[in-house]
Amino acid sequence: MIITIKDLYKVIGGEVLFEALNLAWKKQQRIGLVGRNGSGKSTLFRILMKEEGMDGGDLFIQKGVTIGQLKQIPSNWSGTGRAYLEQAFQDLFVIFDQMKKLESDMTHPEKMEQAIKNYGELQERFDQQGGYQIDASIRQVAHGLNIFGLLEQPFSSLSGGEKTKLGLAKLLLENPDVLLLDEPTNHLDLQAIEWLESYLQQYKGTVCVISHDRSFLDHVVTDIMDLESGEIQSYKGNYSSYEKQKEERLLSEFHQYEEQQKKIKKMKEAIRRLRQWANEATPPNPKLFKKAKSMEKALDRLEKIDKPLIDPKKMNLSLDADGRTGTDVFTVEGVEKKYGKTKVLNHVNLRVRYQDRLAIVGANGSGKSTLLRILLNQEQPTSGLVKHAPSMSIGYLPQHPLQEEDQEQTMIEYFRNHIRVTEGEARKRLAGFLFYGYDVFRKLKHLSGGEQMRLKLAVFMHQEIQVLILDEPTNHLDVESQEVLEEALNQFNGTVLGVSHDRYFLNQCFSDTAYLVNGSLHRFIGTYEETREQWLALFENQENRAEVEKQREGVQTKDSIRKKTADTAPSLEEQISALEEELINIENQMEENPDVKELMELQSDKDELTRHIEVLYENWIGES
């Protein structure tokens, strides 16, 4: 085992979080760590990183094993995005500097022989550890996570989400033996998420992921570890498999619990009767007392089965449309939106009808949230026309639902400002959204993202709403709350528009999907899964097409490259001949060039060219 924890005991704030937790991870295992918010998942990561101590138990990490986690991103780091990523190769740059020094030593006859020997050893290490592939590795991850445009920007000028994406890229480039990922999809768009899935599927080390993205877990993990009540229950398979296995296990445990309760009831009744008979006997019967006492001891020795939690507490959400709107809820005609010289929306046309369920999908920065704000009259288009159904009531759930509110007000004050009820009634209704006791007196500024989302939904439930507009509503919700929201939306008989990168949510709640590509909106009938290929087809004659496919496929296999090459190559022999000439030219340049940095770039080009030639040869052989 690469990592083992035995009998972990951990107390936080006077409460026992872990009492006797055990886990064991193997090499190349891909684990999904799941559990309700507050169950201790992030605390467990901090313990593994030795950022937090244990109050008892043992942690064993195999000697020499490196563990990597996305840590707090520095806000004032000076340098470009590329320079930030290059920190992942610090050891290689140390070797590179040593090689540069040896190049200088080679010019001195008395040092030349030893310098050449040392240089050869260092160059071999540099090559084996990927030194000549640094630029190629950065390009691959930057394209995959859709951050190529951030590489030359000053790091300090980037937003928090952009810095987080660069932090994730740096972590992947560091290539640790154990990779700990806490909600890695939160700041990624769909293309980047699908690329990351492909990347992790081929990762050579051990991966553990905390995520509320069920589709991501389905595509990435081979094992699920469920953290509940301070213990871990392990399951083989992905998230969907885990859900079935857990349901079967809980039903089996509940059956065992019920059978034991019947047995305990019978034993208690037998003990009561034996004591009654012993007392009623004249004189009292000591043998019956002894038998009753013996049975009591047996009952005490019986290992009690805890009642399994079949139906954990969930928020009580139901959404009812207050009447209906007109047939045409939104009509958008020729809308354009510019910020300075940058055009975000380009001649967008859209018609949203009563009871439509439309998802809007696109890359980060493609204009999805801008379009929602235009529909809400929070922004005006540069040109074009937007019509609304008369007198309709809209419920809007933004990514940060309470950002514009007074952060000093308490939860119950916020609720009562929107829903006119007594304090007692407000507390009762908030309890339906898992806010109990003194929780309701916490200030808004102290609420987590998930708590803010639940509070906003609690207000929605008691308002008269005909149209719901949702902007990344599942980002901060745990899986149980996501499921409740999905069920409520599916029962809502009004109109729903949503922006999301959560594929499970998109497939569950939306019957139509519109894709924003280069400022243009393209609408298709069907869920995300049903229309994804049509989305990719939009890139057919654009440069973006190659990027999307590359992000989806990640590090492509020879078979996938062979298929694409076979479809596009007019003459394989001509291509091979031209590339071989280019390869000879690069080799000649490498022989004549003493500069190590230029050699690195040439070696990277040579490797990429060689792989391309190998694939073309395979295609040529397959055709002949």
Side-chain angles (χ1 to χ4, degrees), residues 29-39 41-42 45 168 179-201 207-228 232-250 311-315 317 357 359 361 397 399 449-450 453-454 457 470-490 496 498-511 513 526-532 552:
Q29 197 174 10
R30 297 196 302 275
I31 303 140
L33 183 62
V34 303
R36 306 195 73 166
N37 288 349
S39 60
K41 302 185 295 294
S42 296
F45 269 18
L168 175 60
L179 189 59
L180 305 180
L181 299 174
D182 193 344
E183 298 294 351
T185 64
N186 267 6
H187 296 282
L188 303 181
D189 56 32
L190 275 169
Q191 298 163 11
I193 289 171
E194 292 180 351
W195 176 86
L196 182 59
E197 287 172 353
S198 297
Y199 189 92
L200 294 178
Q201 286 165 6
V207 179
C208 184
V209 180
I210 297 172
S211 180
H212 294 144
D213 188 328
R214 291 156 287 179
S215 289
F216 183 77
L217 291 174
D218 267 347
H219 285 94
V220 170
V221 306
T222 56
D223 299 85
I224 292 287
M225 292 189 176
D226 186 6
L227 185 53
E228 187 175 6
I232 281 181
Q233 185 77 36
S234 297
Y235 300 85
K236 291 295 293 181
N238 63 10
Y239 188 83
S240 295
S241 174
Y242 146 76
E243 285 189 305
K244 294 175 185 176
Q245 291 178 61
K246 183 175 182 178
E247 183 179 5
E248 292 169 359
R249 180 181 67 81
L250 288 175
D311 191 16
K313 290 181 180 179
K314 298 180 179 179
M315 63 177 180
L317 175 66
R357 294 176 176 275
V361 176
L397 193 64
Q399 292 187 45
M453 199 66 73
R454 281 191 277 125
L457 288 169
L470 314 172
D471 193 353
E472 301 288 1
T474 63
N475 259 10
H476 303 288
L477 295 178
D478 59 24
V479 172
E480 289 82 3
S481 297
Q482 289 178 25
E483 291 171 347
V484 171
L485 176 60
E486 288 160 3
E487 186 177 348
L489 288 176
N490 286 331
V496 183
V499 167
S500 180
H501 65 250
D502 185 330
R503 289 158 295 173
Y504 195 95
F505 175 71
L506 291 171
N507 291 327
Q508 287 290 313
C509 297
F510 298 94
S511 55
T513 308
T527 65
Y528 169 76
E529 193 63 36
E530 292 166 346
T531 61
R532 183 181 175 277
R552 173 63 177 170

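Please read these numbers as outputs of a predicted model, since none were measured by experiment. Sequential numbering from 1 along the given sequence is applied to the chain's residues.
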Trainee: Between Ser211 and Leu217, what is the shortest heavy-atom contact and its length?
Mentor: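 Result for this residue pair: O-CD1, 3.6 Å.
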
Trainee: Applying side chain to side chain contact (heavy atoms under 4.5 Å, CB included), can you list everything that pairs with Gln245, at least two apart in sequence or on another chain?
Mentor: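 So Gln245 forms a side chain to side chain contact (heavy atoms under 4.5 Å, CB included) with Tyr235, Ser241.
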
Trainee: Holding to side chain to side chain contact (heavy atoms under 4.5 Å, CB included), I want the full list of residues that pass it with Asp471, two or more places apart in sequence or in another chain.
Mentor: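 Listed in chain order: Ser369, Leu372, Tyr396, Gln399, Val499.
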
Trainee: Taking all non-hydrogen atoms of both residues, which atom of Ala359 and which atom of Leu506 are closest, and how far apart?
Mentor: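 Heavy atoms only, the tightest pair is CB-CD2, 3.6 Å.
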
Trainee: Is the gap between the ring centers of Phe216 and Tyr239 under 6.0 Å?
Mentor: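 No: the rings miss the under 6.0 Å criterion.
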
Trainee: Spell out, as yes or no, whether a donor-acceptor pair under 3.5 Å connects the side chain of Thr531 to the backbone of Thr527.
Mentor: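 Yes.
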
Trainee: Is it true that Asp226 and Lys246 make a salt bridge, defined as a side-chain N closer than 4.0 Å to a carboxylate O?
Mentor: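 Result for this pair is yes, salt bridge flagged.
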
Trainee: Sequence neighbours left out, what passes side chain to side chain contact (heavy atoms under 4.5 Å, CB included) with Glu487? Give chain and number order.
Mentor: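 Counting only residues at least two positions away or on another chain, Glu487 forms a side chain to side chain contact (heavy atoms under 4.5 Å, CB included) with Gln491.
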
Trainee: Regarding Lys41 and Glu183, does a basic nitrogen lie under 4.0 Å from an acidic carboxylate oxygen?
Mentor: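 Result for this pair is no, no salt bridge flagged.
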
Trainee: Which atom names give the shortest non-hydrogen contact between Ser500 and Leu190, and what distance separates them?
Mentor: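 In this case the closest contact between Ser500 and Leu190 is O-CD1, 4.5 Å.
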
Trainee: Taking the basic N atoms (NZ, or NE/NH1/NH2) and the acidic carboxylate oxygens, is any pair closer than 4.0 Å for Glu486 and Arg214?
Mentor: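 Arg214 and Glu486: salt-bridged.
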
Trainee: With rounding to the nearest 0.5 angstrom, report the OH to CZ distance, Tyr528 to Arg503.
Mentor: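 Rounded to the nearest 0.5 Å, the OH-CZ separation comes to 6.5 Å.
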
